[in-house]
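Shown next, in structure tokens, is the structure this report addresses.
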Amino acid sequence: MYFLTGWPRRLLCPLRSEEEPFHIQPSSQRFYFAVLSETQLSIWFSRPSVLIVSYIESAKAAAQFGFYQKTQWKPDDSMIAVATVKGYILLFDVVGGGDDKYLYEPVYPKGSARVRVTPGYKEEQCAPALSLEMKKPVDLEAPITSLQSLQEDLLVCTADGYLHVLHWDGQGSNGHKAICLTTIPFSLDLQSARGGPSLELEGVYIRCMEYCVTLDGYAVVLSDGRLGFITPLSNTITADQLQGVWAADVTDGTCVAVNNKYRLMAFGTASGSVLVYMIDTTTGSMQLSHKLELTPKHYPDIYNKTGPVKLICWSPDCSVVMVTWECGGLSLWSVFGAHLICTLGEDFAYRSDGTKKDPIKISSMCWGAEGYHLWVLPNKQERRRQEEQQEVEMGEPRQSFLQAGILQFHFIKSALTVNPCTSNQEQVLLHGEDRLYLTCGDPTQVHSTSDSHAHSHLHTRDSSPLHHPPNPDSSLSQGLSTLLGHKHWHVVQIHSTYLESNWPIRFAAIDTAGQCMAVAGRRGFAHYSLFTRKWKLFGNITQEQNMTVTGGLAWWNDFVVVACYNFIDQQEQLRLYQRSSNLDNAFASVTKLHSDTLLLNVFRDMVILFRADCSICLYSLERRNDSPNPSANVELLQEVSMSRYIPHPALVVSVTLTSVRTETGITLKAPQQLPFCPPVVLAQCVENVWTTCRSNRKKRHLLEALWLSCGEAGMKVWLPLFPRDHRKPHSFLSRRIMLPFHINIYPLAVLFEDALVLGATNETVLYDGLQGSSEPLEAVFPFCTVERTSQIYLHHILRQLLVRNLGEQALMLAQSCASLPYFPHVMELMVHVVLEEEATSREPIPDPLLPTVAKFITEFPLFLQTIVHCARKTEYALWNYLFAAVGNPKDLFEECLMAQDLDTAASYLIILQNMEVPAVSRQHATLLFNTALEQGKWDLCRHMIRFLKAIGSGEMDTPPPTPTTQEPSSTGGFEFFRNRSISLSQSADSITTGKFSLQKTYSMPTGPSAKGRDVECAENMYIDMMLWRHARHLLEQVRLRDLGCFSAQLGFELIGWLCRERNRVARVDDFVSALKRLHKDFLWPFPVIPVGSLNSPLKNGRCRTVLSTRLLKSQSADSLLNSDMDTALPPTNPTNHTWLDGLGQSAKEMDTASSAHSNQHSPQTHDAFLSLLTNKVEEYSIGSATDLTETSSVVDGDWTMVDENSSTLSLSQAELEHISMELANKGPHKSQVQLRYLLHVFMEAGCLEWCVVIGLILRDANVIKQVIGFLDSPEVPQETVQSVRNGLLAVDTWASTDCLGYKPFLNLIQPQLQQLMESASEQVQPEAFQPTSQSSKLGGSEGLGGAVVPRPEDNRGVAAPLGLALPSLEPAGGFSRPPSEDCAPEQKEEQGEDEGTYDCTLS
């Protein structure tokens, strides 16, 4: 409504004086302000805020009359009356200053278009030079308590109990009348009024009085604190024609202010609260409407220490009231009691260090023009103290004359306060004295009714305006995307040229799309487009100055609709101006009106006017495109007189057409006539109304409702009730229902479909670093800003419907809104609010709502999440009450598991842990852990491991409040995995190389006690058992890919476990089905035989020789690799697996040795052709897909090693075709990396059958050769040898019938198969198989094995032991990924140069 902005401005009086100003009174239009000090009357101008004239009383006259006390303006601003202490009324004439009319004149730059065009034009924009002339004083012979100005008379109350009526001119026989208060009969209402005088008023006088035009009476506060209302029974004020009414039971009144628009009287009391009364129209008695008081909830320190109310001021538009107390401070309320601002709390009352400030005490205040400013006179002591401090600081000599100061507070206000038109109900539009604030959404989405329209709107809108009504599915109705964009305002500065001559801005309106604004000041109007970022003003200033907007502004499509008064024709008109045309009367559609327009509104293609004769006029609007400039056709539809229902036209706050109907709808009789029914009172104390003309079948409840803002009573919605499934409505079911609900913000707009209320709120920023011994204003007051706010209201409405047993309607409404992004939050809020109220209630609740709410929420899939989220945001004490209504958490947990909603189930675990014994928690945690393992939810698995450990450590003590607090010390929980290094086998107990440290599997840090250690060990064992069971399950189902992910993600010691399971579950029963399953899991294509494979270029000698020479040349690189390996590796302790120890080394030797020998027919060979060749041998990174320890060879295809003299290979077309065919037989690179990694793991663990299967799918002859070589070792059990032999035979048989693509490879390894068949013959061990040194066996202690490697956030840039670059793992696969085979040479070199800068992470 009204919001403070910025800092207050201090206006210093140019005349130094000892006297302090203590009273300020505005003229009727608030352009002039009379300021009184003891012997001085000053007149200030509003804009610019300058002193015009001061009248200083002579010492002799001051002695005769006494000091000045109060002042009043004549309604036409031509006279001022001043009351003095000794009972004199001094009347002053305000005279214009002859030829020298202006104190200040604007200076324009040369060539400026704004020059004087019309006579009198400059009067409006400059401070006029006035003078004051005193007339004959009037002596009333008693102290004056109150002054009140009427049209022709001045009403003066004196302390001797008389009411004096003075004529402003002081001439004639009726120049002065006096009425004694005791002659006025008072009663509690007008019906029981007695005719005789009231004797109880002896010795009582009127302390404060104000005239109310719309009630035609005087609100008075008597000297004994009673409140009354005096009504003249006839037009003239005479003693026998006055009748008084008491307010019952009030005896501490201090002051009064009346609100003419709403017919309210606000009385201040000594207790500090403001009582707002209305007059009951039937009995004439005074009835309390509401109270304005500070609440202990929001102002606990000050609410009962404010002292009596000192002043009350209603704003010029009567929508807000400002109150100040004897102890100081300002507080602002809306007309029906919504509290907006108070300077007695928060940053206004406290400094940033927490010390309290003294509230500023106020001696007088009044609102400026249109309510943009509040003029405040601080108390004398306040100002004198500040001035003295300033002078001490300045070091100036003490002067007896001080500069008086006036504080000016700045406000911005909602456009609805004065122009309640509904052309856009969903935008918040605020206006200050020189700028507009609007809620801007994302401008790119504002007009996207469809993609095809989006661009045309932006460019062609000014030439060919939008002519179709908003589409209900467009973003205009989906306010979420646009109007909730961000917290910022779009601030538009009003054009200074327009402001200069037409300040203050009185009306503002925004169009439906939120892209065009119009403002109207004293004369004319102007409009602005966000598209062009330009203002349009009248080209002809005469036209602008010859009209004034009276009834308001609105937008209809791209026309501005204006109800205005034309000074030349001296008549009221309705005008429509097209937005894209020039602003000129030549392009306007003008309709003459018969009576003054007070209010205007637009609905679809109709304009509704409310006129000063209390009639309503409806006009239809139609667009005409026949002329070059589009115009509008306006036709009168209907006139309806409302004078029977409205006592005074000024009382109507807004008039709105709506599609909402009352139940007694009348059918249309004549085709042109709209039905008119007698008025129905829907609600009282209404400040604003929102409704929309859009329709949406899916959200009928929200779009066909009427939304009301009711001050302190919150909001109300008049909601339609629909029969379900188009059934016939029940006869007893009303068609609509009024539901009240409270929100925490002041509503300024309603987003109908989005179930949101938009508002604004004052925020403050402290700048008290500026303080010295004298505090400047900036330190006394915080800097005020206005923030956008929004609030959900849906849960309030659903709850109200459930309370009234309208569950079916609530369900329909909720289902229509279930797609909103914050719908889950709505459900949570509803449960939470009801739970808090009922569970904390002291008295038993006869009909609790929580079970109904719980049953209601079960209708939605969000039920389980809603309950657990609500429980976790609620204190533990309320859980029993909650779960008594919604069901046992154990049952809800099981429902989550059945619904596969594991994250929600995990939340229920925390509930169970607090409500049940540890055994139950562990049982449910185990269930969840197993399910999470099965579904591959690794994050959840890690949390479950931590949770199970926490339960274990918690069993010794009391049950922990939450699992997170029970983690073991810094290395416990996941820290434990985090700090473990890469380990590929259990061959080494602890090796420290550089920054790496190794620990044993699941070795927890030593606990504080042996008992604690035992529990931890038992807990770890329990977790290990579950992990082993899952690994066994995966291996049995041949799910190698899942096994790899599981190992990498959870830090499972895969190699160690496989070593133990080597002869149990890690066997392969059916090689063929295992091979098929791997093809499927790793997306690996079955090999196909290329056409013309008989003529393969690889069979001829030329290709073979090229390869051989290249490979022989690269032996130097291989030796380089070997030397690097030997120097980099730490010594390791030998273990008892003799044949196994040589395994990794043998694999490496095999790769390097065999690269130049007999396997050129292997498919892997072709990678050599595709690898990019570079010249810098010394910069190579060393690494391969299979293992960190294994050197790379051309045969593996990971890197190409050639010497500096190498040249590129030239290949024929046939060779290229063959290579591309071979590439097609390969799976994705990632799968290849993963398979190589698994091959390495199984090799390390000695699971030779699996090595054969992976060797087959990779079609790597070396692997098969290696394994068959190992089968001769005496440690290998005979069953394994038998299994490998049978498996290979089965694969051969299958390949012959079903997959011929494998035959070339099987033929290639025929010698090894033959060797396996003749296993009795003597084994030939090649020289290369002998281990060169113990140090070259890495033993897996530094590979990428079964442990999680350090996380990137812990060990940023830790180098791997060999200086190998370990790239990050792929998020999806979870396996380590070496450098890509196909990456460019520059990348490879770069990796080589900063080796070890990669982090090895497991995602």
Side-chain angles (χ1 to χ4, degrees), residues 336 425 656-666 675 677-743 747 750-757 791-818 820 823 826-827 829-830 833-834 837 846-853 855-857 859-860:
F336 289 113
Q425 293 275 26
T656 309
L657 272 173
T658 163
S659 53
V660 174
R661 291 188 307 278
T662 54
E663 293 185 28
T664 53
I666 299 173
C677 330
V680 179
V681 176
L682 292 178
Q684 291 183 317
C685 302
V686 178
E687 293 181 2
N688 272 318
V689 180
W690 293 272
T691 173
T692 180
C693 58
R694 291 201 309 272
S695 60
N696 183 339
R697 297 295 301 170
K698 292 177 185 165
K699 294 190 177 179
R700 285 182 66 192
H701 280 94
L702 296 177
L703 282 170
E704 294 182 27
L706 194 67
W707 304 89
L708 312 171
S709 155
C710 301
E712 66 171 346
M715 286 187 77
K716 292 181 181 174
V717 56
W718 200 36
L719 201 70
L721 301 177
F722 301 111
R724 191 146 197 195
D725 308 326
H726 311 292
R727 286 183 296 210
K728 198 167 177 239
H730 298 295
S731 54
F732 59 84
L733 185 68
S734 158
R735 305 255 179 92
R736 285 186 173 270
I737 188 168
M738 186 67 79
L739 302 174
F741 59 92
H742 269 279
I743 58 170
V750 177
L751 300 184
F752 303 99
E753 287 98 332
D754 299 319
L756 278 174
V757 172
Q791 198 170 337
I792 302 169
Y793 55 74
L794 195 57
H795 57 291
H796 293 297
I797 297 178
L798 295 175
R799 181 188 170 187
Q800 293 282 357
L801 288 169
L802 292 176
V803 166
R804 290 163 173 75
N805 287 324
L806 293 168
E808 200 172 63
Q809 298 290 327
L811 195 61
M812 287 163 68
L813 174 56
Q815 282 166 346
S816 73
C817 296
L820 292 175
F823 185 70
V826 169
M827 291 299 181
L829 275 175
M830 184 160 70
V833 171
V834 175
E837 275 182 26
D847 188 15
L849 187 63
L850 191 60
T852 316
V853 171
K855 190 178 171 201
F856 175 75
I857 294 181
E859 297 285 334
F860 296 91

Go through Leu702 and Cys817 one step at a time and tell me if the side chain to side chain contact (heavy atoms under 4.5 Å, CB included) criterion holds.
CA-CA 9 Å; Leu702 296 177; Cys817 296; 3.6 Å; yes

Would Leu706 and Val689 satisfy side chain to side chain contact (heavy atoms under 4.5 Å, CB included), going step by step from the backbone distance to the final call?
CA-CA 7 Å; Leu706 194 67; Val689 180; 3.9 Å; yes

Check the pair Val686 / Cys710 against side chain to side chain contact (heavy atoms under 4.5 Å, CB included), numbers first and verdict last.
CA-CA 5 Å; Val686 178; Cys710 301; 4.2 Å; yes

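Salt bridge Glu704/Arg694: absent, no basic N to carboxylate O contact under 4.0 Å.
Separating the CD atom in Gln791 from the CD1 atom in Ile743 is a distance of 5.5 Å, to the nearest 0.5 Å. Distance CG/Leu703 to CZ/Arg697: 11.0 Å, rounded to 0.5 Å. Taken from CG in Leu811 to OG in Ser816, the straight-line distance is 10.0 Å, to the nearest 0.5 Å. To the nearest 0.5 Å, atom CG of residue Leu739 and atom CH2 of residue Trp718 are 12.0 Å apart. Atom CD1 of Ile737 sits about 6.5 Å away from atom CG of Leu801, to the nearest 0.5 Å. Rounding to the nearest 0.5 angstrom, the gap separating the CD atom in Glu687 from the CE atom in Met715 is 11.0 Å.
Under the 3.5 Å distance criterion, the side-chain polar atoms of Asn696 are matched with a main-chain donor or acceptor of Lys698. At least one donor-acceptor pair closer than 3.5 Å links the side chain of Gln425 to the backbone N or O of Thr691. A distance-only check finds a donor-acceptor pair linking the side chain of His796 to the backbone of His742 [under 3.5 Å].
Residues Arg799 and Val853 have side chains not in contact (no heavy-atom distance under 4.5 Å, counting atoms from C-beta outward). Using a 4.5 Å heavy-atom threshold, the side chains of Leu850 and Thr852 count as separate. Between Val717 and Met738, every side-chain heavy-atom pair lies at or beyond the 4.5 Å cut-off. Residues Phe336 and Ser709 have side chains not in contact (no heavy-atom distance under 4.5 Å, counting atoms from C-beta outward). Side-chain contact between Leu849 and Phe856 is absent, with no heavy atoms from C-beta onward closer than 4.5 Å. Looking only at side-chain heavy atoms (C-beta outward), Phe752 and Lys699 stay at 4.5 Å or farther from each other. Side-chain contact between Phe741 and Lys716 is absent, with no heavy atoms from C-beta onward closer than 4.5 Å.
In terms of heavy atoms, Gln809 sits closest to Leu721 at OE1-CA, 3.5 Å. The two atoms that bring Met812 and Pro723 nearest to each other are CE-O, 4.3 Å, heavy atoms only. Nearest heavy atom pair, residue Asp754 against residue Leu820, reads O-CD1, 3.8 Å. Here the shortest heavy-atom pairing between Leu802 and Gly807 reads CD2-CA, 3.8 Å.
Ring geometry for Tyr793 versus Trp707: interplanar angle of 30 to 60°, hence tilted.
For the pair Arg700 and Phe722, the cation-pi criterion (under 6.0 Å, within 45° of the ring axis) is fulfilled.
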